Structures are given as structure tokens and as C-alpha cells.
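See structure below.
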Amino acid sequence: MRTLLRLLQFHYEKLATQDSSGIVFFNLGSLLGSIVPRCSDPNLMVREDAIESIQIILRISLRYDGQPPEYKDPMVEALSTLRDRVSQGDAQVLFSVVNDISKALAKKMPSEQLNDFLANLYNGLLDSQSHCSSGACVVINTIMKTRGPELLAEVGNIINALHTNLRAITYPQTRSGVFRAIRTLASNHLTPVFDRLLNFPLPYDEHITDCWRTLAVDPVLAQAIFDQVIDMLNRQVHYAEKRDQKTHKVLLKVATIPTLSAVCALTEVLRVPETEAKVVENFHRLFSVLIVYTGSCIDVKPAKLSDVADGKISKEKKAQMKLLASLNPSSVAIEAVRVLLERANCQKVLEAIEEEDMINNLKELDKLPDGITAIAKELVEYNPEYVGKIMACLNPSLASLYESQRIVVVAFFAELINQKCGGDMSMVEMIVNNLLGRLVDANHIVRMLCIRGLGNIASAGEDQVQKYCTTVLSAMMAGMDDKEDPEDNITLESMSGLSRILTQIDESSIRPILVNITLRIRPCFEKQRASVRAAAFMLFGNLSHFGDGPSRAPFLEQIHTNFVSVLLHLNDEDVEVRKSCKHALRQFGPLLGSTSINEMFQKHLIVDGNLNYGEFMYDLTKVIIADFIQKINFFVMGNISFFRSTWPEIRSNAAIFVGFLLGNLPKAQHSLITKDHVCGALTLLLKDPVPSVRIKAAEAMSLLFEY
């Protein structure tokens, strides 16, 4: 340092005797950048020589700028005072001295020399002396603060250089100073800094992660980052599709790097406690984009090498991309939702979801509605203040091109109605209109959830039920007619919704469509899916509430038409179906006009009780014969139609039902039965491949000895 000082003094003395104006001092920045770290060197002589060297260099610069030898720049001459102060070895004093030097250099450094100056300061960050590296950091921060607007074109290079040096910096104070410098740079040029940080390879290393967290401490920058991420997630595609060229079927969905990076960055920002106020302020916006993004990530694969790079790839790049391939987009999205709920003080919501492991449902399309429903339910219960704003933010996604995004929104809206919109009933009308608009959606899950949401009007109170009664009933009827419902999910939701609505509407509202409903649900009695059969029988029983008025005659006809089916499924293989049949028989028992039959139904068909089906049917057939002798042949022929049922239990039930009817029928009424047809059908049933069916057929034929 002393040698450099002597050389600079010699050079300056020579300049005093000649005119140097017009000559460019091209290495001003690099010289100063190299010397600055020594201003806080542990050795006193080095510190003093470094400050004096800076003073002489600035005097030389003045000569090159055309100033006469006798010119005294106040700021440059003031460095002599700093040289005297630096004699104290106290860390705080050294920091103050370097800070003052940095202010002088920031004002004296020409714009064209800034890059060279900073480049040498970056090297100073790696100085073996911690005080020196910290001093370099102080000067960098000052330059970023006072000359930041001039560095726009160099933002990318600055971030790259600082990131490279961060890998080697071990001194904590220097490290934190570098992060502050990046934050200061972001205050002047947020978008370029945001874009550059976003483009670092995923998953982010600890240095980039700390950069995001440092930016987040500043409320203004945190808000700006929220705005940028929300805009990206709203405008950019979340994944790229690979389709079969012939069938156009989607073969693979691959996450897009920009949006995945944005969510990773946002997650790190949300981890910072200082962001809490801003998170609460922006919760509705952040929650909406993240929950929609979570839906988008289902069945989406991480980006692969071939998806992000062409041609030859370096070993380092390959290593980076392998790490990227291990980053599951769905897990990234769910983690972002978890951190958001935690930072926004929605801990109870998070705990409630985690207790039932419902958040994992967000990873599978089939379970997605359940996961969204659980989140919506808990949000309404614990944080209703957010619900209205969230609904407004989610609304545009109803028209999304991506099915999973529409599923998320409709599932959320459906549960809002079920939870009475958190007490704000003014939202119901908007949600109902939105759900009605999606009833023609191309995706059957969306249509099913729309039906569910409309059925949830039953939970919104009597006033809302009466207001939307006609609309909801029409939607439910349309749902049962849906032709593209391979698993009967829409039909199931329609019947479940109707069962709930029927308990709260007047007979006059249902009268015009009562028989139509029974005709629509009749095919559902024989559906393969047990839950559909159970819902159909439950609905049939609930319709009985409207069968004791002007609609009694046509509804009684429907009861007789479906009487055999209900009695046969009373011994269905599924427990829930058996319970639904008991419920239905108990409900329409009073309408049959037979006191004896009704008493049997009310006495023996306890929903959760055990029933000896054989004994019950034997006794019931006697009462049926006594009270409905004119319908015996109708019931017998109805049973024979079930000999072709796909379920062995139903074929067995039908056989024994026929046997009991004919066996208990008085001889005088035998002529009511077409004996040849019945015996022929039972004979065929003796050839059934299932032994239990053959046994029941034989048992039924043994009861026909009087024929």
C-alpha cells in the first residue's frame, strides 16, 4: 500500500508541472475499487495510506478534468480529516469513516467508470480480512443507493456477480450487506431485479432464497413482488401440453418454468415474518391465484432437459436440470398455500385441514373438489372476512380454458353457498348465476359441482330456497338427464340436492313435476353404483311428502309401479341401499291405503335395525294379498322382470317374493296368475350360474305344490 501511495504521489507531482486537461483518466474506477477495501484494514498504516491514496487519485482526476494545480475541492480535501479519524481501531468508527468515503466517491465517480469501480469492489467482498470485505460492502450499498438509477443496463450483470461472490463469502456481516445492496438496487429497478432473480435455476439455492427474503423485509418491495407474481400467474400459462398428433389427446402436461419460479419465489417471500401486514392486506388476491395454480398443477410433470434446452448441455447444466426434474409442481403449489395460510394468521384453517389430511386431496383430480371444499368450509368458519373478496378474485377463472381451474372455482363457490357465504347472503345471487352459467360446461366434474352448489341452497335458509326454488328444481331435473355422465356423479348430485330441497318447499312448487321426477329416478334404482341406488330410493321416499294432496292419485300409481323394486332392494348387497329402502317404505307406507302394510313398515323397518328379510316378506305377502288382490299378477310379473337382474341377491329376492305371493294366494284366486309363464321363468332360474339363486328358485317352486 505504501509503494502504491509513493507512485501516486510521484505521478501527481509530475502532473502539477504540465497540462493534462483533455486526457481521460480511464482507470480511475478500477484503482479506487481496488483501494477502498483497505480503508478498513486491521493495520493502521494500511488504512491511513489507503485513504491518502484515494485522496491523491481524486486530485489526479481533477487535473485530468482540467482543474489547475492550485484548485482545492472541498470534498476531496475533507478526506484528510477522515485519515486522522481512522487512527482509532473501533469498528463503529471505521464503519463511519468508510461510509463517509463512499459518499464522496459516489459523487466523484464518473458514470462511465461506475462499472469498473463496482467490478473491483466485488473482488473486495472476498477479501481475507473481514473488516475489508465489510468496508467494500458499505461502499457498494452507497453506490446502489445514490447512483442506482444509472445502473439499469447492468442489473443482470450486477446480480450475477454478487451471486457468484456470495458462494465464497463467509463473513456474516458482509453477506448481509450484499443482500442489502441487492435490495437497494431493487428499490430503483424492481422489475429487472425480479426478472433476473426469477431466472436463476430451480430449486433456488440458499443465496437466491436469502435474496428473496431480504427483498421481502421492505413493505414496498413486498407489495411490488406480490403484484408481479399475481400478474404472472393470472396472465401466463401454468403448463405446456403435449398432444397426440392424430387424436389431439393430451399425452403429457409439463410445468412452465416462469410460473413455477414465481410460486417458489413467492413462497420464500411469505416465509418472512415482516410481510404479515402486507399478506393480510393482499390475502384474497394471493389465495385466489395460488389455489387456482394448485388446481393447474395436478398431473403436471416437472420440466425435463428436453423441455428447457436444445443441443449440447454442460455437466453443470445437466446437474441443475436433474434438480429441477425432482421439483414436483403440485408439492410446490401446496406448500405455497400452506405458508400463505400460516403467514396470514389462518392457523386454525391450516390445522383443521391437516387434521383430516385434506390438503393432500389437492394432488389428485378425483379428490380435488373435496380438498377445495374443506378449505372453503374452514375459511368461512374461521376467517369469513376474506370470503367476499376471494369470490370476486376467483370469478374470472370460471371462464378459464383449463378444466382443473374451473373445478377449483366451482367447488369453492358450491361450498360457499353451503356455508351461507359466511353470513353475507348478498353473495348468493352472484354465485347462483355463475353456477347456472357453467351447467353447460364441457367438463362433467364442473357440471356436477354446479349441481352440488345449487343443491346447497337448501342450507342457505328458507328465504333463499323459496327465491331460487324453480331455478334449482329445473337444474336438478336437467342434471338427471345429463347424457355425458359415465359414472352417474351428476345424477347422484341431482338426486341428493333434490332430497335436500324437497324438505323446504311447498307442494304447489313440486306438483307439476312430481311424476316426472319419479319417472327420471326409476332407472337409477338399478344402477351399478350403490350410492346412486341409495340416493334414488331416498329421494323416492322424500317425494312422499307431496303425495297426500292433489297429487295423491298419480303418485300412488308410481308407488305401486316401483313397489316391487323397493322391496327387492330391501335386501340389497349394500347397507346404505337397504337403509334407503327402509326409509322410502316407511315414508310412503301411509299413502298405500293399507293400515296393515303401513304398520308392518313402521314396526319392522327400523333404519339402523336388523331385518329378517325372508320372514318379513312371507308375512308381508299375506297382507299384500289381502289388501291388493287386484294387483297380485302385476306384482308377480314385476318380480319376474327382475329374474334377469345383474345382481344374484336381487334374482334370489325376486324368486322368493314370487314364491311367497303364489304360495299364500288362496286357491280361489289362482286364476289371477298366468301360471305357465311364472313356472317357465322359475324353471329357467333353476339354471342360474349362481348356487344361491338356484336354491331360492327351487324354494319358490316348492311353494307351488297346489298349482
Side-chain angles (χ1 to χ4, degrees), residues 33 36 95 98-109 111 113-115 117-119 121-122 124-125 134-166 169 172-200 204 206-232 261-262 264-279 281-282 285-286 343:
V36 161
F95 173 81
V98 173
N99 190 46
D100 289 343
I101 291 173
S102 67
K103 292 177 181 178
L105 294 177
K107 291 186 177 181
K108 293 300 180 181
M109 187 63 59
S111 296
Q113 299 273 356
L114 267 179
N115 291 335
F117 180 53
L118 287 171
L121 282 175
Y122 300 152
L125 295 172
S134 184
C137 203
V138 170
V139 179
I140 291 173
N141 270 281
T142 301
I143 294 297
M144 297 297 180
K145 185 176 182 180
T146 58
R147 304 291 293 273
E150 301 174 42
L151 299 172
L152 175 60
E154 294 298 318
V155 167
N157 294 331
I158 293 172
I159 299 294
N160 289 341
L162 292 177
H163 176 253
T164 300
N165 286 346
L166 277 169
I169 294 174
Q173 188 172 340
T174 303
R175 182 178 172 82
S176 60
V178 171
F179 291 129
R180 285 196 299 273
I182 293 174
R183 184 172 65 201
T184 304
L185 183 64
S187 299
N188 289 293
H189 308 293
L190 177 62
T191 299
V193 171
F194 177 85
D195 291 342
R196 182 64 200 98
L197 291 176
L198 212 60
N199 287 327
F200 275 92
Y204 291 134
E206 60 176 316
H207 314 299
I208 299 302
T209 295
D210 286 341
C211 282
W212 286 116
R213 294 180 182 181
T214 303
L215 295 183
V217 173
D218 185 328
V220 176
L221 293 179
Q223 180 65 56
I225 291 172
F226 291 161
D227 293 340
Q228 294 260 28
V229 172
I230 290 170
D231 185 65
M232 282 187 69
S261 298
C264 289
L266 178 61
T267 303
E268 297 307 325
V269 169
L270 293 173
R271 294 188 196 279
V272 179
E274 289 85 350
T275 62
E276 183 176 313
K278 284 297 178 182
V279 169
E281 181 183 333
N282 292 274
R285 300 170 65 214
L286 293 168
R343 184 58 58 220

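A quick note: this is a predicted structure, and the numbers were derived from the prediction, not measured.
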At their closest point, which heavy atom of [X] faces which heavy atom of [Y], and how far apart are they?
X      : Y      : value
Gly124 : Ala136 : C-CB, 3.9 Å
Gln173 : Ser134 : NE2-OG, 3.4 Å
Ala222 : Ala216 : CB-O, 3.6 Å
Thr146 : Pro149 : O-CD, 4.5 Å
Gly135 : Val98  : O-CG1, 3.5 Å
Ser111 : Glu150 : OG-OE1, 2.6 Å

Determine whether [X] and [Y] make a side-chain contact, defined as any pair of heavy atoms from C-beta on separated by less than 4.5 Å.
X      : Y      : answer
Leu166 : Asp210 : no
Leu215 : Val269 : no
Ile140 : Phe117 : no
Leu286 : Val229 : no
Phe200 : Thr209 : no
Asn188 : Val155 : no

Which residues pass the side-chain hydrogen bond (donor to acceptor under 3.5 Å, both in side chains) test with [X], not counting sequence neighbours?
X      : result
Asn160 : Arg196
Glu276 : Asn345
Thr275 : none
Asn282 : Gln223, Arg285

What's the spacing between [X] [atom1] and [Y] [atom2] if we round to 0.5 Å?
X      : Y      : atom1 : atom2 : answer
Leu151 : Ile158 : CG    : CD1   : 4.5 Å
Leu197 : Ile225 : CG    : CD1   : 8.5 Å
Arg343 : Lys278 : CZ    : NZ    : 15.5 Å
Met232 : Leu266 : CE    : CG    : 11.0 Å
Leu270 : Arg213 : CG    : CZ    : 11.0 Å
Arg147 : Thr142 : CZ    : OG1   : 12.0 Å

Q | Over 12 foreign heavy atoms within 6.0 Å of NZ, Lys108 | A |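 For Lys108, atom NZ is crowded (more than 12 foreign heavy atoms under 6.0 Å).
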Q. Can you check side-chain contact (heavy atoms from CB on, under 4.5 Å) on Leu162 and Leu125, steps first, answer last?
A. CA-CA 9 Å; Leu162 292 177; Leu125 295 172; 3.8 Å; yes
Show me the side-chain donor-acceptor pairs of residues 177-184 shorter than 3.5 Å, one per line, residues at least two apart or across chains.
| unit_1 | atom_1 | unit_2 | atom_2 | d |
| --- | --- | --- | --- | --- |
| Arg183 | NH1 | Thr214 | O | 3.4 |
| Thr184 | OG1 | Arg180 | O | 2.9 |

Q | Partners meeting ring-ring contact (aromatic ring centres under 6.0 Å, His included) with Phe194 (sequence neighbours left out) | A |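 Residues passing ring-ring contact (aromatic ring centres under 6.0 Å, His included) with Phe194: Trp212.
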Q. Going through the distances and angles, do Leu105 and Ser102 end up as a side-chain contact (heavy atoms from CB on, under 4.5 Å)?
A. CA-CA 5 Å; Leu105 294 177; Ser102 67; 5.7 Å; no
Q.
Applying side-chain contact (heavy atoms from CB on, under 4.5 Å) to Leu221 and Ser187, what does each step give before you reach the verdict?
A. CA-CA 7 Å; Leu221 293 179; Ser187 299; 4.1 Å; yes
